[in-house]
Amino acid sequence: MADIEPYESALGAIPGAHPYPRTSRYHDAEIGVHRLPDGTEVRYAKRRLLPPLDEQETQGTQGTQPHVVGAGERPDLLAQRYFGDPGQWWRIADANPVLDPGELTDEAGRTVEIPGPGGHRRV
C-alpha cells in the first residue's frame, strides 16, 4: 500500500494531471475540485455526458457492427470478445441507446451495436 501513496501525492501536486488511464471511460472527463469547509480540496471526475444518438448511429452506420445477443451474454463478455478487454464494456454501452448497461444483454435476440476501433462516441 505504501507504493500507492507517493503516486497519489505526486498526482495531486501536478496541475492538470489525470487520474484515469487512457482505456477508462473517464479519461477525457474534466476533473473538478470541491473545497470542504475546513479548506481540504477533494478532486472528482465531473459528470460525463454523451451527445444524443442520431438515427444513423442507432442503425449501425457509424463504424459499428451489429451483434445479436445470445443467452447468458453480458456486456463484459462482449467487450472481451470484441476488444480483448472486459473493462471496455462501456464502449458498447456508449454506442447503444440504453440507460443501464444491463439492458444491452438482458434479452436474448436483441441486436446491439459494437463500435469499431475509434468508433465509440466520446466527448
Closest non-hydrogen atom pair, Thr64 against Glu113: OG1-OE1, 2.9 Å
Test of understanding: with side chain to side chain contact (heavy atoms under 4.5 Å, CB included), list the residues that count as partners of Val33, not counting sequence neighbours. Glu41, Arg43
Could you walk me through whether Thr105 and Val112 pass the side chain to side chain contact (heavy atoms under 4.5 Å, CB included) test, one step at a time? CA-CA 8 Å; Thr105 56; Val112 296; 5.7 Å; no
Show the nearest heavy-atom pair for residues Pro66 and Thr111, with the distance to one decimal. CB-CG2, 3.7 Å
Rounded to the nearest 0.5 Å, how far does CZ of Arg91 lie from CG of Asn96? 12.5 Å
Short side-chain to backbone donor-acceptor contact, Arg110 and Glu103, under 3.5 Å: yes
Take a 6.0 Å sphere around CG of Leu36 and say whether it holds more than 12 heavy atoms from other residues, nucleotides or ligands. yes
With a 4.5 Å limit on heavy-atom distance, are the side chains of Ile92 and Leu104 in contact? yes
Main-chain N/O of Gly102 paired to Asp100 side chain as donor or acceptor, under 3.5 Å: yes
Over all atoms of both residues, closest heavy-atom pair of Pro75 and Pro101: CG-O, 3.4 Å
Donor-acceptor pairs under 3.5 angstrom involving side-chain atoms of residues 77-87: please list them, not counting sequence neighbours.
| from | atom 1 | to | atom 2 | distance (Å) |
| --- | --- | --- | --- | --- |
| Tyr82 | OH | His67 | ND1 | 2.7 |
| Asp85 | OD1 | Gly87 | N | 2.9 |

